[in-house]
Each structure stands twice: as C-alpha cells, then as structure tokens.
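Scroll down for the structure; my scribbles are underneath it.
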Amino acid sequence: MIILVMGVSGSGKTTIGKLLADSLEWEFSDADTFHSPENVEKMRRGIPLSEADRMPWLQDLLTAIKHWLQENQNVVLACSALKDSYRQFLVLDSERIKLVYLKGSYELIQKRLQERSNHYMSEKLLNSQFYTLEEPLENTISMDVAQPPQIIVQNIRTALGI
C-alpha cells in the first residue's frame, strides 16, 4: 500500500509522513526530493512553479509509484498533490493508494512556515499554494493539522484500519 500524505507547504506532510511510516515500519519518501535543482531554486526565490515545471516531477513520482506497486512495497509518500488532476495522475490504483489530506487554516500554516528554517519553500509561496489547492472531496482521509502529530498519526491508522 502507498499512503499519499498531501497538503500545502507547512501542513506537516513530512513530519506526519515520517511518524506514520515509523509507526508502521514502512518506507518513507518525500516528493520534494524528486524536484529538479531548477525547481528548487525557483521555489527558494519565491517563484511558483508552472505546469511545465511540475510535469517532469510528476512523471518521476509516477515512475516511483509504479515501481513501489510492482514490488508490493509499503510506502508513505509526502506529496503536495494540490490539484485534483495531479492526484488522478498519481493514484493509479485506489485500492492500494490511499490519500490523506492534512488540512489547516491559512493563519496556522503561515505561522508554521515563519517558524521553519532550513527549507527552500518560501512563506511567500503560501498564497499560491492555497490558490492552487483543490481540496479532495472523496476517497480521502482528512486530518485537522491543529491536532498533535501523534494524534493525527493514530487517527490515520484508525481510519485505514492498520
């Protein structure tokens, strides 16, 4: 199974994803590591990515997902997946790929981004992240990010029955 933990930057995808993977003894992967150096530099400078920028990234993620499914690997993948079209592209098998949406208010996530260091994702991009976000409406486990991380992880496990 692949659990795709999605949401805007600062919603806790990496923190929750790592905790969830550790609790399940699964592999963790962060979609940020699939970005090209050019994309990372654009985001570092506060420039939103274009669809053309994102397509090679999505293709690389799709290749990884296909490999994990073929190898029957259990993986928690932290990935923004802000648009419905991106999720449809990546969720090849809705039985084996589960979406977890980390949802939070703009104010809470902005505060988190202001407190974060050593990450290329600029607080300046938060407006574009919320603008781009198409909240998933079905086949998704939605979690309020105002809760403590351990509670979120336990609630995800309960919702998935694992």
Side-chain angles (χ1 to χ4, degrees), residues 1-21 24 26-104 106 109 112-113 119-122 124-145 152-153 155-157 159-162:
M1 178 187 295
I2 296 170
I3 302 172
L4 194 156
V5 180
M6 60 149 299
V8 297
S9 182
S11 62
K13 296 181 300 291
T14 300
T15 300
I16 299 302
K18 284 181 178 178
L19 286 171
L20 180 60
L24 295 168
W26 287 13
E27 181 181 337
F28 172 77
S29 185
D30 194 325
D32 284 349
T33 63
F34 289 78
H35 276 299
S36 70
E38 295 80 17
N39 281 2
V40 171
E41 186 54 33
K42 279 182 99 168
M43 290 184 282
R44 179 176 282 120
R45 294 190 347 245
I47 301 168
L49 298 181
S50 69
E51 292 300 309
D53 293 328
R54 281 191 187 91
M55 194 40 78
W57 172 70
L58 287 167
Q59 288 286 354
D60 289 346
L61 284 170
L62 182 63
T63 299
I65 289 169
K66 285 179 179 177
H67 172 76
W68 296 328
L69 291 174
Q70 183 179 348
E71 298 295 318
N72 289 315
Q73 289 182 262
N74 292 317
V75 178
V76 176
L77 173 63
C79 177
S80 55
L82 297 177
K83 288 189 174 186
D84 183 58
S85 60
Y86 304 161
R87 295 187 294 272
Q88 288 186 25
F89 184 75
L90 297 173
V91 179
L92 302 171
D93 179 342
S94 61
E95 292 298 313
R96 297 173 61 204
I97 301 175
K98 302 298 180 188
L99 282 175
V100 173
Y101 170 41
L102 300 181
K103 182 176 182 169
Y106 183 92
I109 293 174
R112 286 181 175 184
L113 287 175
H119 195 279
Y120 62 80
M121 192 63 173
S122 168
K124 293 182 269 184
L125 290 174
L126 188 58
N127 283 337
S128 74
Q129 290 256 306
F130 270 92
Y131 178 79
T132 302
L133 176 65
E134 296 170 359
E135 291 191 335
L137 302 175
E138 54 189 38
N139 301 322
T140 304
I141 297 164
S142 187
M143 292 287 144
D144 178 1
V145 300
I152 294 171
V153 168
N155 289 342
I156 293 168
R157 291 190 63 169
L160 290 172
I162 53 175

Side chain Q129, main chain S9, donor-acceptor under 3.5 Å: yes
Return the CG to CG distance between N74 and L24, rounded to the nearest 0.5 Å. 8.0 Å
Nearest 0.5 Å, what's the CG-CG distance between L77 and L99? 10.0 Å
Between atom NZ of K83 and atom CD of Q88, what is the distance when rounded to the nearest 0.5 Å? 12.5 Å
Sequence neighbours excluded - ring pair (Phe, Tyr, Trp, His ring centres under 6.0 Å) pairs with any residue from residues 47-85: H35-W57
Looking only at heavy atoms, what is the nearest atom pair of L102 and I152, with distance? CD2-CG2, 4.2 Å
Sub-3.5 Å donor-acceptor pair from the side chain of T15 to the main-chain atoms of G12, do we have one? no
Closest non-hydrogen atom pair, D84 against E134: N-OE1, 2.8 Å
Is any side-chain heavy atom of V100 closer than 4.5 Å to one of I16? no
More than 12 non-hydrogen atoms from neighbouring residues, nucleotides or ligands closer than 6.0 Å to NZ on K18, yes or no? no
So do the side chains of F34 and Q59 get within less than 4.5 Å of each other, counting heavy atoms only? no
All N/O donor-acceptor pairs, side-chain side in residues 135-142, below 3.5 Å, sequence neighbours left out:
from : atom 1 : to   : atom 2 : distance (Å)
E135 : OE1    : K103 : NZ     : 3.4
E135 : OE2    : Y101 : OH     : 2.8
T140 : OG1    : E138 : O      : 2.9

Between the CG atom in L113 and the CG atom in L126, the distance rounded to the nearest 0.5 Å is 5.5 Å
Exercise: do R96 and N72 side chains pair donor with acceptor under 3.5 Å: yes
Side chains of L69 and I97: closer than 4.5 Å at any heavy-atom pair? yes
Spacing of L58 atom CG and S85 atom OG [to the nearest 0.5 Å]: 8.0 Å
For L62 and L90, which heavy atoms make the closest approach, and how far apart are they? N-CD2, 3.9 Å
Quick check: do V145 and R112 have side-chain heavy atoms less than 4.5 Å from each other? yes
Going by heavy atoms in the side chains, are N127 and Y106 under 4.5 Å from each other? yes
List the atom of V75, the atom of W26, and the distance in Å for their closest heavy-atom pair. N-CE3, 3.7 Å
Could you tell me whether the side chains of D53 and S50 share a donor-acceptor contact shorter than 3.5 Å? yes
Rounding to 0.5 Å, atoms OG1 (T14) and CG (L19) come to a distance of 10.5 Å
Which pair of heavy atoms, one from K13 and one from V5, lies closest together, and at what distance? CD-O, 3.6 Å
Y86 side chain near S80 side chain, heavy-atom distance below 4.5 Å: no
Would you sort out whether R87 and L4 count as a side-chain contact (heavy atoms from CB on, under 4.5 Å), showing the intermediate values? CA-CA 9 Å; R87 295 187 294 272; L4 194 156; 5.8 Å; no
Given the rule in the side-chain contact (heavy atoms from CB on, under 4.5 Å) test, do L49 and E38 qualify, once you have shown the distances and angles that lead to the verdict? CA-CA 10 Å; L49 298 181; E38 295 80 17; over 6 Å; no
Measure across A31 and L61 and return the closest heavy-atom pair with its distance rounded to 0.1 Å. CB-CD2, 3.7 Å
